[in-house]
Amino acid sequence: MTSSQPASNSEAVADLYDTFSEFHARINDSNLHVGYWQNADDTSTFQEATERLTGLMIERLAPQAGQRVLDIGCGIGKPALRLASGHPVDVVGVTVSPRQIELATARAIESELADRVRFELADAQQLPYPDASFDAGWFFESLIHMPDKPRAVAEAARVLRRGATLAVADMFHEPGKDWSEIHPLVTAVTLDTYEPLLAKAGFEVLEVTDVTPHIRVPEPVRGQLRTMMLEHREEWVDIAGEEVVRAMLDPEVDTFYTPGLGYVLLTARRR
Ligand code: SAH
């Protein structure tokens with residue numbers, strides 16, 4: 001291994017998000033997760049649809065006043081800040097990307113929520129927090145990057161107190177498809193993996209909902225997204241490379257739909 005190669009999956013994920021988070025934040029001020037559309041005729045924008053998914057996660061978390069919530073894989077902080085702006089809770093968000101910490105912290109200060117929301121550099125597979133120190137938590141489209149999912153979920157179980165709620169939003173793949181071949185930093189599993197994964201770590205799984213049809217971007221919204229991508233084409237090429245961008249914008253390819261890729265929402269309780 002040369003020194004320019006990341007030493008581990010977590011470092012590679014950190015590099016990935018360090019590189020593109022700022023661009024993403026600037027072009028669409030976005031959540032780093034998929035959107036949720038009611039049906040194929042729903043013309044909600046990408047921003048509205050991603051906020052709707054955050055709303056579904058907050059509903060599942062059902063946060064109570066004064067609770068401490070752990071956001072495992074916090075991105076640039078948008079879901080955590082939405083959670084704290086609507087509920088009197090404290091939130092700690094962790095990510096492996098130092099750039100995300102900077103961006104998320106700046107947003108917390110800007111939103112005047114820095115007294116209740118803070119972002120820290122930590123690997124979900126080895127959390128720097130004492131046992132039973134949080135009342136609730138979520139993995140919001142982050143488990144997909146973690147190769148050692150049993151360890152990440154066991155760490156969540158360790159830092160959550162008994163009775164705490166854990167919400168999960170994640171991509172999964174249908175049996176027979178292997179996403180790691182599509183992207184080396186995605187380690188998706190099949191839908192039936194989640195319940196035993198969580199149960200083994202000490203969670204009671206309360207709900208597993210396959211929301212795959214809802215993440216499919218409706219036709220009119222695809223046009224909007226394509227236009228936005230085109231407006232930022234050059235900058236995007238600098239980050240992702242010409243080949244990737246050309247493939248994403250190929251009108252023959254349905255960029256916004258990956259056959260065999262599903263999406264699940266889960267709610268669990270720490271036993
Ligand atoms: N939950 C955020 C971000 C999702 S993107 C949102 O919905 O907007 C995935 C996030 O998971 C990134 O912030 C990435 O850095 C984080 N992540 C991936 N692997 C991680 C790990 N091992 N430990 C901590 N965070 C991780």
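Numbering of ligands and ligand atoms starts at 1, following listing order. Remember, predicted model here, so these are calculated numbers, not experimental data. Values reported hereafter were calculated over all heavy atoms of this structure, with side chains retained and with hydrogens, waters and symmetry mates removed.
Close approach of ligand 1 to Asn31 (heavy-atom distance below 4.0 Å) involves ligand atoms 8 (O). Taking every heavy atom of Ser10 and a limit of under 4.0 angstrom, the matching atoms of ligand 1 come to 22 (N). Those atoms of ligand 1 with a heavy atom of Gln125 less than 4.0 angstrom away are 22 (N). Within ligand 1, counting atoms from 1 as listed, the ones closer than 4.0 Å to a heavy atom of Ser142 are 11 (O).
For the 3.5 Å distance criterion, the side chains of Tyr36 and Glu51 fail to qualify, holding no donor opposite an acceptor. Between the side chains of Tyr263 and Asp210, no donor N or O sits under 3.5 Å from an acceptor N or O. Side-chain contact of Arg68 with Ser133: a donor-acceptor pair under 3.5 Å is absent, judged by distance alone.
Distance from atom 16 (C) of ligand 1 to its nearest protein heavy atom, with residue and atom name: Gly73 CA, 3.6 Å. From the protein, the heavy atom lying nearest to atom 20 (C) of ligand 1 is Met146 CE, 3.7 Å. In terms of protein heavy-atom proximity, atom 8 (O) of ligand 1 is nearest to Leu32 N, 2.8 Å. Atom 23 (N) of ligand 1 has Ala124 N, 2.8 Å as its closest protein atom, hydrogens excluded (heavy atom only). For atom 7 (O) of ligand 1, the nearest protein heavy atom (residue, atom name, distance) is His33 ND1, 2.6 Å. Among all non-hydrogen protein atoms, the one lying nearest atom 15 (O) of ligand 1 is Thr95 OG1, 2.8 Å. Among all non-hydrogen protein atoms, the one lying nearest atom 5 (S) of ligand 1 is Tyr17 OH, 3.3 Å.
A donor-acceptor pair is defined here as one N or O able to donate and one able to accept, closer than 3.5 Å; such a pair exists between the side chain of Thr50 and the backbone of Gln47. Although no hydrogens or angles enter the test, the distance criterion places a donor-acceptor pair under 3.5 Å between the side chain of Arg116 and the main chain of Val89.
Between the choices Glu155, Gln126, Glu141, Gln100, the shortest heavy-atom distance to atom 13 (O) of ligand 1 belongs to Gln100.
In terms of polar-atom proximity, defined here as any N/O pair under 3.5 Å, Val13 makes no such contact with ligand 1. For ligand 1, the polar-atom distance check finds an N/O of Asp123 within less than 3.5 Å of one of the ligand's N/O atoms. Checked by distance only, ligand 1 and His145 stay at 3.5 Å or farther apart across all their nitrogen or oxygen atoms. Backbone and side-chain nitrogen or oxygen atoms of Pro79 are examined, and none is located within less than 3.5 angstrom of a nitrogen or oxygen of ligand 1.
Side-chain rings of Phe139 and His145 stay apart, their centers remaining 6.0 Å or farther from each other.
For residues 198-207, every residue pair satisfying the side-chain hydrogen bond (donor to acceptor under 3.5 Å, both in side chains) rule, not counting sequence neighbours, is listed here: Arg60-Glu207, Glu204-Arg269, Glu207-Thr209, Glu207-Thr267.
Contact annotation: for Ala122 versus ligand 1, heavy atoms closer than 4.0 Å belong to the backbone alone. At a heavy-atom distance under 4.0 Å, only backbone atoms of Cys74 (N, CA, C or O) approach ligand 1. Contacts of Lys78 with ligand 1, taken as heavy-atom pairs under 4.0 Å, are absent altogether.
The shortest distance between side-chain heavy atoms of Ile144 and Thr187 does not fall below 4.5 Å. The shortest distance between side-chain heavy atoms of Ile58 and Pro63 falls below 4.5 Å.
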Handout entry: Glu110/Arg107 under salt bridge (Lys or Arg N to Asp or Glu O under 4.0 Å): CA gap, chis, key distance, verdict
Key = CA-CA 5 Å; Glu110 209 176 287; Arg107 281 165 174 239; over 6 Å; no

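By the 30° and 60° cut-offs, the orientation of the rings of His33 relative to Phe140 is parallel.
When each of Leu53, Ile215, Val221, Thr43 is checked for a side chain to side chain contact (heavy atoms under 4.5 Å, CB included) with Trp37, only Val221 meets the rule.
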